[in-house]
Amino acid sequence: MLTRGLFDKLLWLALLVLAAALVLVVVRAAGSSESAGSKVLDKAMERAMTYQSRVALIRELYGPVETLLQAGQDQSALLKLAEIEKTYPGEAHGQILKGSIQARLGAIDEAVASYATGVKLRGDYVDKENPLSRRTEIGRVVESGLQTVSARLAANPDNRTAQATMKQLYYLQSRLAGGCE
Amino acid sequence: MKLISLASLFKSRLGLVGLSLAILSLLAACKGEERSNPVYRIGYMNCNTEPETIARFGPLTAYLSEKTGLKFEAVTVNTEDFEERFNQGEFAFTHTNSLLYVILKERSGLKLLASEKRGQFGARSAGTIIARKDSGITTLADLKGKRLVFGPFMAPTGFVAQYDLLLRAGVDPEKDLAYYAVPPGSYKHEKVLYGLLYGQYDAAAAPALDLEVMTREGKIAADDFVVLAQSVIIPYCTFGVGKDVDSKVVDKVRKALAELTPESTAEFAGERVKVLKAAWVDGFEELLDSDFDPLREMAKRAKMPPYEEY
Amino acid sequence: MNWRDKHLWLVVITGFLAGVLGVLLAVWGNPENSGICVSCFMETSAGALGLHNNERMEYLRPELLGFVLGAFASAALLREFKSRGGSAPLARVFAGVLLIVGCAVFIGCPIKLVLRLAAGDLTVITGLLGLVAGVGLGLRGLAHGLQLGRTQQDPSGSGWLVPGLFFLLLVFYFVRPGFLLQSPYGGAAQHAPGLVALGVGLLLGFLAQRSRFCITGGVRDSFLFGLRAPLLWGVIAFVGGALLVSLLTGRFQPGFYGQPGAHTDLLWSGLGMLLVGWISALIGGCPFRQLVKSGEGDSDAGLVVIGMLLGGGIVQSWGIAATSSGVSLAGKVAVLSGLMLVVVATLFLREEA
């Protein structure tokens, strides 16, 4: 007959055995290659590799556009972007490159809209340290845009285009300012 | 009871006066009704064909009627007739390219309403001069003695911008080219590009927007051409309104255009149609008249209307 | 007001330090205006544990661990640790989720609201009004007999579970098992040095346990006791400390537009904080206070904390969290649904007089 006292003793013993087993399992695993090989433990590394692959894919995909931009062929670069967009619609990097070209060609409202779309899709472009960062360039456009568009809006307060652009400029300004999102 | 016939009424002088008064009052009532519920006509510049213009802008016109509660009618107008018909009062609202807007603004006091957004530069586009990639032509100077095809004569980004680009690069289209041509008939911009692609010409004056649209549609590839030069961006197609139209009506139309979204629909030809999609437009933007100044400068340098010199 | 009351000064010192350190944590590396933000920390910690898939919001925040473990240490050292609970457990889990929903739509917890205000972010005004109104409505509901059920001594010792969980998370923080995710980029990648953040968390957790410091508690007590409420003075000291350091470090940028981690959907900011204030009044404290209470053995608060962690995952996965571009449809639906639930609870969970 299992008395209550005996049962409790057995439970205490079981607890000790389990605790010892736990320590043993953890210590042994730490000393072996088992932990490194386990699937679950690769998660962070997998994530990092996926990100690097994405960066590499973007560089390869948009390489011809960058080459055209370096050669000063802005319009050809825009056409190339239009081609890429057919296969990869909604890709943030294309929006950022488009914004960059539009800004250079004087289409400020469209540049701001493209940058805002790109940043909404992926915040990487306003990060300080990120291989994809375009923070300085976006900051420059936002700074000049805030001056020119707000002046335009002050002169024409009912102009809906200027109102919409201001809203997007404020969004980009807010993202550049940082915060937790 | 005695029945009075119409003939006997006419015979009676009093009856004649009475009938005349009745007809006059009826006419006055009709006239009054028209005054209280006038029809506003919008003159749409034909890009290609009249049926295409109606198919594109009929839904937009119906939308404006639905949205404002006013009655609008679409009128198709050829580019060369536009100024004359506008000045004759055939239509109060205009939908034209930006050069026609400038002409009507300078000469007839047309007011800016809203500009069409389409493509990567929104309400603006640029004029480009392109050559085939394998042509060996890399600069505008290389075009001397070569064959060039322009878009329509009054096209801001198909003719004016490129004419100006050539002049500023020291290439006089009238003297320095082997010859230049403008394709006949409709779909001129497409003909320009295909003419270049199939070797009929050495270079072409193409609107940046057409290059973009045809690239998206897969008709051409970005790698087929090299862009020799590109103008600054200038406004594209634009809605204008005659100076005498009531400002409340103008505000209603401007608001209705600004509120158009890709989901906006209108009843047209017995079905509900997406307005922007039908019109090949992304939306409407409120530009300022000063936004047209770069085009004015180009037209002045190229001696194009409204600054032509003979 | 008894200025010789030691407890009053303890509350004031805690509030002042929380304000000062809240701004300094951002100076030391946390995201702008987010030196302390319980809801943001919950979201990033949930991401670190794999509860959502926003790759830019994954970091086990040591401050969060510090708040619970600091409170635990305080309660244990001063023999105030009491395992207690049993008041509407499941409702509290949902309350925790909804707290984070409201915070995520506003972008920040009540502590961050004050930090944002102290940095000159004027978009928080409606949030502040909403929070105050929410606490007022919650008090009104309690006054009309709303009763979630009585908290009782808990012989089962479940009050140990949340401190135990946070201790385990602390071990994870140092051992860094492979399943623990950490964003290399984005808001979660911005953080103060780990030991500094942990130290600040422990200190504030310790002091908050002693003082019962709580933002919504301060609002609540000001409704009930006016200027005599020590917690109100704690909140005032918090604002003062944060404002002082913001000014000294050049972080005070007054304005309505372009503020870090802020949007201008003012109505929704207000409604988000209304939800937070209302729930906080019903469950006895803001998200920060729930962490502290869970550290001192309150398993009811512990369930709110579990709900908040779950909420941190949900608001990111379901697109409820607002961004600088505004509040999403999912966010609006979630806030309205949350408010409906609270109204229903206020209507039907009444104790007959």
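Chain letters run A, B, ... following the sequence lines, proteins first and then strands; every chain starts at 1.
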**Asked** Looking at A177(A) and G258(C), what are the two nearest heavy atoms and their distance?
**Response** CB-O, 3.7 Å

**Prompt:** Does a sphere of radius 6.0 Å around CZ in F7(A) hold more than 12 heavy atoms from other residues, nucleotides or ligands, not counting ones at 6.0 Å or beyond?
**Reply:** no

**Request:** To the nearest 0.5 Å, tell me how far T50(A) OG1 sits from E55(C) CD.
**Result:** 7.5 Å

**Atom NZ of K86(A): over 12 foreign heavy atoms under 6.0 Å** = yes

**Item:** Option that, when pairs with chain C are counted at under 4.5 Å, heavy atom only, ranks first among G178(A), A48(A), S133(A), A116(A)
**Value:** G178(A)

**Message:** Under 4.5 Å from any heavy atom of chain C, what part of Q168(A) do you find: side chain, backbone, both or neither?
**Reply:** neither

**Message:** For W28(C), I'd like to know if atom CH2 has over 12 heavy atoms of other residues, nucleotides or ligands within 6.0 Å.
**Reply:** yes

**Asked** Is it the case that more than 12 heavy atoms not belonging to E66(A) sit under 6.0 Å from its CD atom?
**Response** yes

**Prompt:** Contact part of D124(A) toward chain C, heavy-atom cut-off under 4.5 Å: side chain, backbone, both or neither?
**Reply:** both

**Request:** Decide yes or no for C180(A) and Q190(C): does some side-chain heavy atom of the first lie under 4.5 Å from some side-chain heavy atom of the second?
**Result:** no

**Prompt:** In terms of the angle between their ring planes, are Y185(C) and Y51(A) parallel, tilted or perpendicular, with boundaries placed at 30° and 60°?
**Reply:** tilted

**Prompt:** So which heavy atom on P260(C) is nearest to which on G179(A), and how close?
**Reply:** CB-N, 3.9 Å

**Asked** Which atoms of S34(C) come close to chain A, meaning under 4.5 Å heavy atom to heavy atom: side chain ones, backbone ones, both, or neither?
**Response** side chain

**Message:** Quick check against the 3.5 Å criterion: does R47(A) have a side-chain atom that pairs as donor or acceptor with the backbone of L181(C)?
**Reply:** no

**Complete:** Comparing S325(C), G261(C), C40(C) against chain A, the one with the most heavy-atom pairs below 4.5 Å turns out to be S325(C)

